[in-house]
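Take a look at the structure below.
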Amino acid sequence: MTHSKLMGRRNFIKGMAAASAAVATPALALSEPAKGIKWDKQVDIAIIGSGFAGLAAAIEAKRLGGNNIEIFEKMAVYGGNSAINGGLFAAPNTPLQAKEGRKDSPDTMVADQLKAGRGIADEKILRHVAEHAMEALQMTLDAGAEYHPYLQQLGGHSVPRTYQTTVSCGGGITQPLLKECKKLGVTLSNRTKFEGFLLDEQGGVEGIKVRRGYYFGKEDGGNLEHIKVGKGVIVATGGFAQNINLRMAQDPTLTSEVGCTNAKGATGEAMLEMFRVGAVPVHMAHIQSGPWASPDEGGFGYVSNYSIYNFPHSIAVDRRTGLRFMDEIADRKTRADAQLERRDEQGNPNPPLMITSYKQSKQHPTAKKVLKYGVGWKFDSVEALAEHFGVPLAPLKQQIEEYNGYVKTGVDKQFGKNMAKAKGKYLEAPFTVVRLWPKVHYCQGGVQINPRAEVLNSMTGKPISKLFAAGEVTGGTHGVSRLGSCSIPECMVMGMTAARTILA
């Protein structure tokens, strides 16, 4: 045996030994039997998390006659990651679609999502959400949410069906829902971290442990309480995009160097605890990056909503060639993958450019801030644009001329882009430009649920007694890629569904 092969074998054995030691070390089990526990409090319904799913669940439960409902939020402020998302809500057969003469249906919306899911999305749950999305949208309107008076067509959607809040973020929904919860008498507890389930003798949920007075990052602070739950626990804690170790275990490329749009609290502890009590992990490796993000700002930022609005009437070009390289409104994974291929001669990231006519871009509320804070640029000519970014001028000019031909004919011969929303919107100076580079945005993976929002047991396939989940903490709904603006309806509909199941 050669020296190199021998060392390789030794390193392999050494690695296996280390792995065995890691497996042999028992995980810290937070959940425990409820027998003998002294209860500090009792509630009928405990909701873990105060985002779209948790708030919708609480409101629906109260409307159905539920009492003694408490929402537990581990962070200092309510809303979680929902409060800082884009505020984009997709639904079929809405009043705005009727006003604009758009033909749509739950079947069409589901078909779009199944295509993006690449064969592994959960059609039953997608259909359930699409059929009840208008009810969820109406809940937000009843609570006082306000939306722009037009629809957007996001990547992968075959028709315009997306509302957006007038403040262009999820806070335009979470704040009205939070006020509605207070009005209805829902108990709200912030700085209260979920610490584990308390189980009955059959492995069902009898209660929960929480740590009140919790400060993020100070894991041992506050006081531990044991809360008995009469009817059910709804886990609505979102994804795990901020848990770098966990996301790297699923996808090693998602290191700390990769940006993230999520709130700091999106770390996935409640999801892991559901796995410990028997829940089925589904699609954990499918973690989505947002293709509308900018490398020039942190988090979700201003560019994301700006890009989402402007993609239908813009072009994205490779800086090295001056040419388009993708359908600007393809599904998220298609676009993110295409952007990640844009590299310089040394293989380093070379963020592509999105070019828009200022005449069109200024229509979006965030356009002024994109320019004000230096994460976007305005140019009076294509020559100035090309010189600033080092883009070959002649190919770029030709590409703009060619694209304007597609606007005129309504047919994109390069990438088959749906040109309906680009009608009459030619690329003309002055231009606005932003740089694009994907950021980790959404985890398709999580616990398996059924269309009743019940968490399923990995051994029996049956629901775990009194355990429900809704939103990004669940897995399998969207498959490989989630279409933009489909998260809010999913969160709200499944939160409402959990409440309906509990109180049926």
Side-chain angles (χ1 to χ4, degrees), residues 23 25-49 53-54 57 70-74 125 192-211 214 219 224-240 243 245-246 249-250 265-284 443 445-477 494-495 497-499 501-502:
V23 171
T25 303
L28 178 61
L30 302 180
S31 295
E32 59 183 291
K35 188 175 182 179
I37 289 289
K38 181 181 178 181
W39 301 105
D40 297 297
K41 183 178 183 179
Q42 179 165 345
V43 299
D44 283 345
I45 300 175
I47 299 172
I48 317 299
E70 186 165 357
I71 293 177
F72 301 92
E73 169 58 53
K74 76 175 181 180
I125 292 181
T192 306
K193 184 186 177 186
F194 168 76
E195 290 278 355
F197 299 104
L198 297 165
L199 306 174
D200 62 27
E201 293 181 356
Q202 289 73 43
V205 174
E206 192 169 339
I208 59 173
K209 292 188 292 185
V210 299
R211 188 175 296 276
Y214 168 80
E219 302 308 307
L224 204 60
E225 286 188 12
H226 301 89
I227 299 174
K228 187 175 179 62
V229 177
K231 296 183 182 297
V233 176
I234 302 173
V235 180
T237 50
F240 58 91
N243 188 330
N245 289 335
L246 181 55
Q250 317 307 319
T267 46
E269 297 94 339
M271 176 190 69
L272 294 174
E273 204 56 31
M274 285 192 284
F275 292 156
R276 285 194 181 102
V277 300
V280 184
V282 185
H283 296 179
M284 292 291 288
C443 301
V447 301
Q448 186 182 31
I449 60 171
N450 61 21
R452 290 166 52 84
E454 296 168 311
V455 177
L456 302 181
N457 185 291
S458 58
M459 297 297 289
T460 67
K462 296 179 180 180
I464 297 173
S465 177
K466 295 199 292 190
L467 182 56
F468 304 81
E472 194 179 349
V473 75
T474 66
T477 299
M494 295 315 295
T497 297
T501 303
I502 289 173

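None of these values were measured; they are calculated from a predicted model. Values reported hereafter were calculated over all heavy atoms of this structure, with side chains retained and with hydrogens, waters and symmetry mates removed.
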Problem - Residues Leu199, Val205; criterion side chain to side chain contact (heavy atoms under 4.5 Å, CB included); working and verdict - result: CA-CA 5 Å; Leu199 306 174; Val205 174; 4.3 Å; yes
Exercise for the section: Under the side chain to side chain contact (heavy atoms under 4.5 Å, CB included) rule, what do His226 and Leu198 come out as? Steps first, then yes or no, please. Expected result: CA-CA 8 Å; His226 301 89; Leu198 297 165; 3.8 Å; yes
Practice task
Check the pair Glu454, Lys462 against salt bridge (charged side-chain N to carboxylate O under 4.0 Å, His left out), reporting the backbone distance first and the verdict last.
Solution key: CA-CA 9 Å; Glu454 296 168 311; Lys462 296 179 180 180; over 6 Å; no
Exercise for the section: Evaluate the criterion side chain to side chain contact (heavy atoms under 4.5 Å, CB included) for residue pair Met274 and Phe197; output intermediate values, then yes/no. Expected result: CA-CA 8 Å; Met274 285 192 284; Phe197 299 104; 3.7 Å; yes
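No donor-acceptor pair under 3.5 Å is formed between the side chain of Gln42 and the backbone N or O of Val229. Put simply, the side chain of Thr474 never gets that close to the backbone of Gln448: no donor and acceptor are under 3.5 Å apart. Without hydrogens or angle criteria, Ser465 side chain to Gly204 main chain gives no donor-acceptor distance under 3.5 Å.
When all heavy atoms of Val447 and Ala279 are compared, the closest pair comes out as CG1-CB, 3.8 Å. Taking both residues in full, the closest heavy atoms of Pro451 and Thr497 are given as O-CG2, 3.3 Å, listed atom of the first, atom of the second, then distance. Across Thr237 and Ala270, no two heavy atoms sit closer than the pair OG1-CB, 3.6 Å. When every heavy atom of Gly54 is checked against every heavy atom of Ala236, the shortest pair comes out as N-CB, 3.6 Å. Taking both residues in full, the closest heavy atoms of Phe194 and Ile208 are given as CE1-CG2, 3.9 Å, listed atom of the first, atom of the second, then distance. Annotation for Ile464 and Val277: closest pair CD1-O, 3.8 Å, computed over non-hydrogen atoms.
Between Lys228 and Glu206, at least one side-chain nitrogen of the basic residue sits less than 4.0 Å from a carboxylate oxygen of the acidic one, meeting the salt-bridge criterion. Lys193 has a carboxylate O that lies under 4.0 Å from a charged side-chain N of Glu219, or vice versa, which qualifies the two as a salt bridge.
Considering only residues two or more places apart in sequence or on other chains, Lys74 meets the side chain to side chain donor-acceptor pair (under 3.5 Å) condition with Thr267, Glu269.
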